[in-house]
Amino acid sequence: MFGIIRPCRNRLGPSLREAWLAHLCGLCLALRDDHGHLARVVTNYDGLVISALVEAQSARSRRAAGPCALRGMRSAEVAVGGGARLAAAVSLVLASAKVDDHVGDRDGAFAHAPVRGVGRRVARRWAEQAAATGADLGFDTAVLVDAVRGQSAVEAAAGPGGSVLAVTEPTETAAATAAARTALLAGRPGNAEPLREVGRLFGRLAHLLDAVEDLAADRASGAWNPLVATGTSLAEARRLCDDAALGIELALREVEFTDDRLVHVLLVHEVKESIRRAFGEPHGHAARAHAPRGQRRGKSGESGPGSGLWFWPELVDPPRSRWLLPGCLAVLYQCGTCQYCCRDPHPGPWSGKRRDAWCGNCDCPTCDCDCCGCDC
């Protein structure tokens, strides 16, 4: 589960990239420590925002973590405490509901009865584990479970001419509840209401962007899509997304933070990048001039393979990461614009695959994009 927030190295900068990775690894390790290794598969980019929100309102809490293959066998400082554990509980609840949904729809591998049985057991276990962690934090995960499980009834009632916002309401409720809880966990109850609004609009945005990205595939397969079911146009979906992004930015101004730099980048700038990406538009620096493809250089100044799923340039140098499994890299791959190598073909199963229409405007560090950071 990648999530809609997939920041690229150049837009974060060294210090924020380190903080972002600390929350991502902290979420993964919190899942492992509380719920076992299998639970780590629900690590996702959007879940770490919960951890980041808690830390942004309180004192920084980190610990040293040992070498990990996904970090190129490097150690790191990772986020710990209630924020990471709350993010883990929320991620487990949503993953449990997602698995239940796939089992009910008999999608993909869940079309087979034995797999559906395993899926039900895993979903039930994750829901129970999330409830136990939530209870330790004084957070009732039943609110999330009820909101997400009510999605099927909402979708069944949706029809042409109906409001697509009625379909996004369960997701909004779940995200709002989780975001508001970060204020109580950080000891700042006055932040609860503006953060509830941030979570509600973020849930709306996530649901709409997911629908936009899946629209073509859903039309081809005949799968249910909220935009098709309600007759909502892409123009209207874009308007709703832009309104939600603006609402998040305004609500964040009412929150009292200790250090809001990472939260601001993720929930303001990266949210806008997510909208542009979903609607197939170039990122904000598209107007900048770029050197011809043949003249571009990598990080070391030499020609050669660029970034992509085979390498992880955001956090690991290519020579050290060449041996890593592409599947592992895909879990933590950060660049949201270039999904394949931006320049010359590189070794591996993606050899020769490029998205030339995007490469000229990508944010990969090997493409000399001259991207700026926060422009506030």
Side-chain angles (χ1 to χ4, degrees), residues 1-28 43-56 70-72 76-79 83-84 87 91 179 198 202 205-206 209-210 213 241 244-245 248-249 252 257 259-279 281-286 288 299 306-309 311-316 321 328-340 342 358-359 361-376:
M1 302 190 301
F2 285 98
I4 67 170
I5 299 180
R6 304 196 288 274
C8 198
R9 172 187 182 130
N10 285 355
R11 294 197 298 267
L12 285 180
S15 62
L16 293 185
R17 183 171 69 252
E18 180 182 346
W20 186 88
L21 180 61
H23 288 290
L24 185 64
C25 293
L27 170 58
C28 180
T43 302
N44 64 95
Y45 290 167
D46 292 346
L48 71 86
V49 174
I50 297 295
S51 178
L53 279 172
V54 172
E55 185 176 274
L70 295 179
R71 292 192 298 266
E77 293 290 317
V78 303
S91 296
V198 169
F202 184 82
L205 190 64
L209 292 183
D210 182 66
E213 291 177 343
C241 288
I248 290 172
E249 183 175 0
L252 284 174
F257 287 113
D259 182 355
D260 70 339
R261 290 176 300 161
L262 180 61
V263 167
H264 178 81
V265 169
L266 295 180
L267 291 178
V268 177
H269 294 277
E270 290 304 325
V271 158
K272 293 176 182 177
E273 289 294 330
S274 298
I275 295 173
R276 283 193 283 265
R277 183 168 60 242
F279 286 89
E281 300 173 6
H283 67 76
H285 307 292
R288 294 178 182 266
K299 294 168 68 175
S307 63
L309 294 181
F311 293 146
W312 187 11
E314 281 68 26
L315 301 172
V316 183
S321 61
C328 294
L329 294 177
V331 173
L332 295 179
Y333 187 63
Q334 296 183 65
C335 184
T337 306
C338 287
Q339 300 297 325
Y340 299 107
C342 295
W358 288 0
C359 286
N361 297 320
C362 84
D363 287 328
C364 291
T366 55
C367 291
D368 298 330
C369 289
D370 189 28
C371 293
C372 67
C374 175
D375 57 4
C376 288

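Keep in mind that what you see is a predicted model, and the values were worked out from it rather than measured.
Minimum interatomic distance between Val263 and Ala56 (heavy atoms only, all atoms of both residues): CG2-CB, 3.6 Å. The shortest heavy-atom contact between Ala84 and Leu27 is O-CD1, 4.2 Å. In plain terms, the two heavy atoms of Ala87 and Gly47 that are nearest each other are CB-O, 3.3 Å. Residues Leu262 and Ala52 come closest through the heavy atom pair CD2-CB, 4.2 Å. Closest approach of Pro7 and Glu270 over heavy atoms only: CA-OE1, 3.5 Å.
For the pair Asp46 (side chain) and Ile5 (backbone), a donor-acceptor distance under 3.5 Å is present. Checked by atom type and distance alone, the side chain of Ser91 never pairs as donor or acceptor with a backbone atom of Thr43 at under 3.5 Å. Judged by distance alone, with hydrogens and angles left aside, the side-chain atoms of Arg277 form a donor-acceptor pair with the main-chain N or O of Ile4 at under 3.5 Å.
Distance check: Asn44 CG to Cys28 SG gives 11.0 Å after rounding to the nearest 0.5 Å. With values rounded to the nearest 0.5 angstrom, Leu16 atom CG is found 5.5 Å from Arg261 atom CZ. In this structure, NZ on Lys272 lies 10.5 Å from CD1 on Ile248, to the nearest 0.5 angstrom. Summarising the geometry, atom CG belonging to Leu266 is positioned 12.5 Å from atom CD belonging to Glu273; distances are rounded to the nearest 0.5 Å. Rounded to the nearest 0.5 Å, atoms OG (Ser274) and NE2 (His269) are 13.0 Å apart.
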Asp260 and Leu252: CA distance, side-chain angles, deciding distance, side chain to side chain contact (heavy atoms under 4.5 Å, CB included) verdict:
CA-CA 9 Å; Asp260 70 339; Leu252 284 174; over 6 Å; no

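Every residue two or more places apart in sequence or in another chain that forms a side-chain hydrogen bond (donor to acceptor under 3.5 Å, both in side chains) with Glu55 is listed here: His23, Arg62. With sequence neighbours left out, the side chain to side chain contact (heavy atoms under 4.5 Å, CB included) criterion links Cys241 to Leu205, Leu208, Leu209, Ile275, Phe279.
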